[in-house]
Amino acid sequence: MIIGTLAMIYIFILAIFTGVEVISRVPTILHTPLMSGANAIHGIVLIGGAILLGMAGKNDALFTLGFIAVILGTLNVVGGFVVTDRMLEMFKAKTPGKTGKDK
Amino acid sequence: MNNTTEYRFEVFVSNPGFDDFVPAAAYLIASLFFIIGLKRLSSPRTARSGNFIAGVGMALALLGTFLLPKMGHFCAILIAIAIGTIPGWLLARRVKMTAMPQMVSLFNGMGGACAMFISMGEWIKGADEGPALPKLLGIVLGSVSFTGSLVAFGKLQGLISEKPMRWPFQKAINAVLLLAILASAGASVADSQRAMLWIVVLAVLALLLGVLQVLPIGGADMPVVISVLNSCTGLAAAVTGFAMHNMAMIIAGTLVGAAGSLLTLLMCKAMNRSLAKVVFGSFGIAPKGAAAAAQGDQTMREISASECAIMMGYARKVIVIPGYGLAVAQGQHLVHELEQMLEKRGVEVKYAIHPVAGRMPGHMNVLLAEADVPYPKLLDMEEINPEFDQADVALIIGANDVVNPAARTDAGSPIYGMPILNADKAKNVIVIKRGRGAGFAGIENALFYQPKTRMLFGDAKAALQELITEVRGL
């Protein structure tokens with residue numbers, strides 16, 4: 001357990017630096033989509049919910065909590081990725097082929 | 001027992017054995033995908049693929065989880081996923097572009113609630129399943145994120161007043177609440193007989209803190225609040241990962257927590273707000289006296305829609321400055337229509353986009369792109385500022401602070417130093433504005449009182465509709 005905890009703390013610290021480093025050069029226009037994308041990524045709690053539910057066994061309380069958690073986590077993941085994609089779709093749509101409508 | 005715990009280090013998940021190799025590998029690849037996805041999300045060319053890659057990472061992590069040993073209830077998991085997917089998908093697909101920010105907040109809140117419930121479940125499993133701290137943190141962070149995001153959602157959606165709400169002893173109440181949270185967390189560990197009761201008390205207090213912390217913050221600051229809550233949920237996911245010994249959750253949660261914190265700071269910088277002032281509120285109190293004084297000796301000059309139409313219809317160059325008011329009124333399609341009609345008359349029309357125009361940084365670009373405004377017409381602040389000299393008309397729609405010359409000249413102004421659009425350099429300025437009041441920040445805008453400025457009062461959408469009719473009649 002001690003080793004496990006230590007390893008987790010290592011990973012935690014390294015992930016902090018990675019998280020800061022990878023987005024440090026984001027332009028202002030991408031702030032909102034990036035926030036939305038990050039929002040989808042923390043939907044990873046979904047798998048925590050799945051594990052809680054999947055290993056609940058015959059414990060009703062755990063089963064219920066896990067079931068609710070999976071629903072909420074799925075909302076976070078699906079909603080997050082779809083909303084982000086819709087935002088970014090807008091960015092893409094404006095570069096090519098703008099001659100059609102606005103003539 | 002000892003054996004078990006040592007294996008945890010090797011395979012990173014709560015159950016030892018060779019069976020764990022596939023899930024562990026899936027988690028590793030998923031984590032890499034999250035990092036690459038975030039990296040690509042921060043550059044316009046690669047952003048969309050970045051989101052897709054992160055999505056694939058999520059699917060991999062989920063698949064890996066199904067292969068964990070001792071997993072059961074697969075049917076229930078799939079049903080719960082289906083129940084979550086359908087409303088999530090429908091909401092996300094159908095929501096209007098203008099309502100995106102509150103959608104992000106809503107989904108963020110769901111993630112927070114999820115972390116809260118998981119941590120409670122981990123708590124129920126008992127004290128022998130690892131230390132209490134990550135579980136308690138998961139409950140507190142998840143709860144605050146949950147209700148805080150719901151209040152932010154309510155404010156942006158118009159369900160709750162967007163105005164900063166204030167009540168007596170605000171900060172003292174929050175401080176007491178925070179102490180009570182610490183006390184009940186301590187009690188839940190110390191008083192093992194009634195641990196479950198204390199955990200519920202803890203969750204309720206944390207849920208209350210989320211509400212009380214966000215209610216006093218005004219609508220215009222919501223982007224910063226959502227960003228703070230976003231990294232808060234990230235952190236909640238990470239500590240839940242600690243409680244469950246799940247590497248994918250620790251890595252993904254920490255990435256979002258760290259990236260989200262930096263993003264919050266970047267946003268504050270772009271909006272020239274201080275994070276402390278947003279979170280602990282004090283913005284807009286000081287300048288009110290100055291605003292009243294300025295109003296006394298100056299007048300705004302009103303203009304009718306038909307005069308506006310003539311001014312713009314016979315101009316050579318018009319620069320449109322869209323702002324918050326346009327986003328709220330959802331007038332982006334009408335602006336585009338007006339722009340097309342003016343172009344037909346030979347008027348050159350361009351858009352000046354301030355980095356923080358709209359409800360969030362970058363939001364205005366998304367809105368105008370949705371209305372099919374061609375990309376080359378949207379110009380950044382640096383590109384457009386030298387062009388205001390040659391513009392006959394600067395049409396300001398629902399923007400205020402981003403064109404306030406006080407940011408350049410008045411060192412005492414709260415927005416001093418914020419880069420602004422030089423609308424005051426144009427030959428004429430037309431301002432479409434809902435009312436005479438100062439902007440959210442409560443700062444008076446000298447531009448509105450200049451001799452070359454004309455005010456067209458009204459809702460952005462209604463005013464634009466009128467302008468279109470008038471220009472058509474020219």
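Protein chains get the first letters and strands the later ones, always in sequence-line order, with residue 1 at the start of each.
Environment of CZ in B:Phe74: crowded, with over 12 heavy atoms of neighbouring residues, nucleotides or ligands closer than 6.0 Å. Taking a 6.0 Å sphere around CZ of A:Phe63, one finds it holds more than 12 heavy atoms contributed by other residues, nucleotides or ligands.
How far OG of B:Ser231 is from CG of B:Leu263: 8.5 Å, rounded to the nearest 0.5 Å.
Chain B forms more heavy-atom pairs under 4.5 Å with one residue of A:Ile9, A:Ile13, A:Asn59 than with any other, namely A:Ile9. When the candidates B:Lys269, B:Met100, B:Met103 are compared by the number of heavy-atom contacts under 4.5 Å with chain A, B:Met100 comes out ahead. When each of B:Met267, B:Met116, B:Arg45 is checked for heavy-atom pairs under 4.5 Å with chain A, B:Met267 comes out on top. Counting heavy-atom pairs closer than 4.5 Å to chain A, the top residue among B:Ser105, B:Gly142, B:Ala54, B:Ala237 is B:Ala54. Highest contact tally toward chain B, considering only A:Leu34, A:Ile41, A:Thr18, A:Leu46, is held by A:Ile41 [criterion: heavy-atom pairs under 4.5 Å]. Of the listed residues (B:Thr264, B:Leu255, B:Leu367), the one with the most heavy-atom contacts under 4.5 Å to chain A is B:Leu255. Residue with the most contacts toward chain A among B:Thr85, B:Thr240, B:Ile251: B:Thr85 (heavy-atom pairs, distance under 4.5 Å).
There is no contact between A:Leu14 and chain B, counting heavy-atom distances below 4.5 Å. Heavy atoms of B:Met71 lying under 4.5 Å from chain A belong to its backbone as well as its side chain. For A:Ser24, the parts sitting under 4.5 Å from any heavy atom of chain B are the backbone and the side chain alike. Proximity to chain B (any heavy atom under 4.5 Å) is shown, for A:Val20, by both the backbone and the side chain. For A:Leu62, the part sitting under 4.5 Å from any heavy atom of chain B is the side chain, from C-beta outward, and nothing else. Heavy atoms closer than 4.5 Å to chain B are found in the side chain of A:Ile68, but not in its backbone. If you measure heavy-atom distances from B:Thr65 to chain A, the contacts under 4.5 Å come from the side chain alone. Interface residue B:Ile226: backbone and side-chain heavy atoms are both found under 4.5 Å from chain A. Proximity to chain A is limited to the side chain of B:Ile124, based on heavy atoms less than 4.5 angstrom apart.
Using modelled atom types, no side-chain atom of B:Ser43 and backbone atom of B:Arg40 make a donor-acceptor pair closer than 3.5 Å. A:Asp85 places no side-chain N or O within donor-acceptor distance of the main-chain N or O of B:Arg48, the cut-off being under 3.5 Å. Of the possible polar contacts, none joining the B:Thr254 side chain to the A:Ile16 backbone as a donor-acceptor pair under 3.5 Å is found. A donor-acceptor pair under 3.5 Å is formed between the side chain of B:Ser145 and the backbone N or O of B:Leu229.
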Audit row: B:Asn230, A:His42, side chain to side chain donor-acceptor pair (under 3.5 Å) steps and yes/no:
CA-CA 8 Å; B:Asn230 186 40; A:His42 69 50; 2.9 Å; yes
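A salt bridge is absent between A:Glu89 and A:Arg86: the closest approach of a Lys/Arg side-chain nitrogen to an acidic carboxylate oxygen does not fall below 4.0 angstrom.
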